[in-house]
Amino acid sequence: MSKRIGVAARAAAGARTRAVATPRGLWVEVEPGFHVGNDGLQYLGSITVVPGRGFEASGPRSDVIGIFSDLDDAKAAVASASASVAPEGESLLR
């Protein structure tokens, strides 16, 4: 393996490791205080700012997950909840 390919491979492996620590998906603030997430394959859910309380996180089926003091914690909770929800017509049990 060439030195250049080895360096690129290590950099890519490091990027995958760092990505685990950040909330999954693309998050967009579509209106002030309202964020929606998508991971390219599915809708993850939404987060709404609740003044004086924090960030209310809702899953892909609009089920409230909880209220969080930190936006990144709310994003991580939504991503985690969406991972456990099967797409329409599919069972989580195999």
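Quantities reported herein were computed from a predicted structural model and do not represent experimental measurements. Side chains are part of it too, since the values below use all heavy atoms of this structure and drop only hydrogens, waters and symmetry mates.
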Checklist outcome for this item: For Ala77 and Ile65, the nearest pair of non-hydrogen atoms, with its separation, is O-CD1, 4.0 Å
Item to check | Within residues 32-46 or reaching into it, pairs that qualify as salt bridge (Lys or Arg N to Asp or Glu O under 4.0 Å) - sequence neighbours excluded | outcome: Arg24-Asp39
Checklist entry - Hey, any chance Val30 and Leu26 share a hydrophobic cluster, counting ILVMFWY side chains that come within less than 4.5 Å of each other, even indirectly? => result yes
Checklist outcome for this item: Here the pair of heavy atoms bringing Gly45 nearest to Trp27 is O-CZ3, 4.0 Å
Next on the checklist: Set out, in order, the CA-CA distance, both residues' side-chain angles and the distance that settles side chain to side chain contact (heavy atoms under 4.5 Å, CB included) for Val28 and His35, then state yes or no.
Outcome noted: CA-CA 5 Å; Val28 178; His35 303 258; over 6 Å; no
Next on the checklist: Let me confirm one number: the CD1-CZ distance from Ile67 to Phe55, rounded to the nearest 0.5 Å.
Outcome noted: 11.5 Å
Checklist entry - Can you list the residues that meet the side chain to side chain contact (heavy atoms under 4.5 Å, CB included) rule with Tyr43, with sequence neighbours excluded? => result Val36, Ser46, Pro60
Item to check | Residue pairs passing the salt bridge (Lys or Arg N to Asp or Glu O under 4.0 Å) test where at least one lies in residues 45-58, sequence neighbours excluded | outcome: none
Checklist entry - What's the shortest heavy-atom distance between Leu44 and Gly25, and which atoms? => result CD1-CA, 4.0 Å
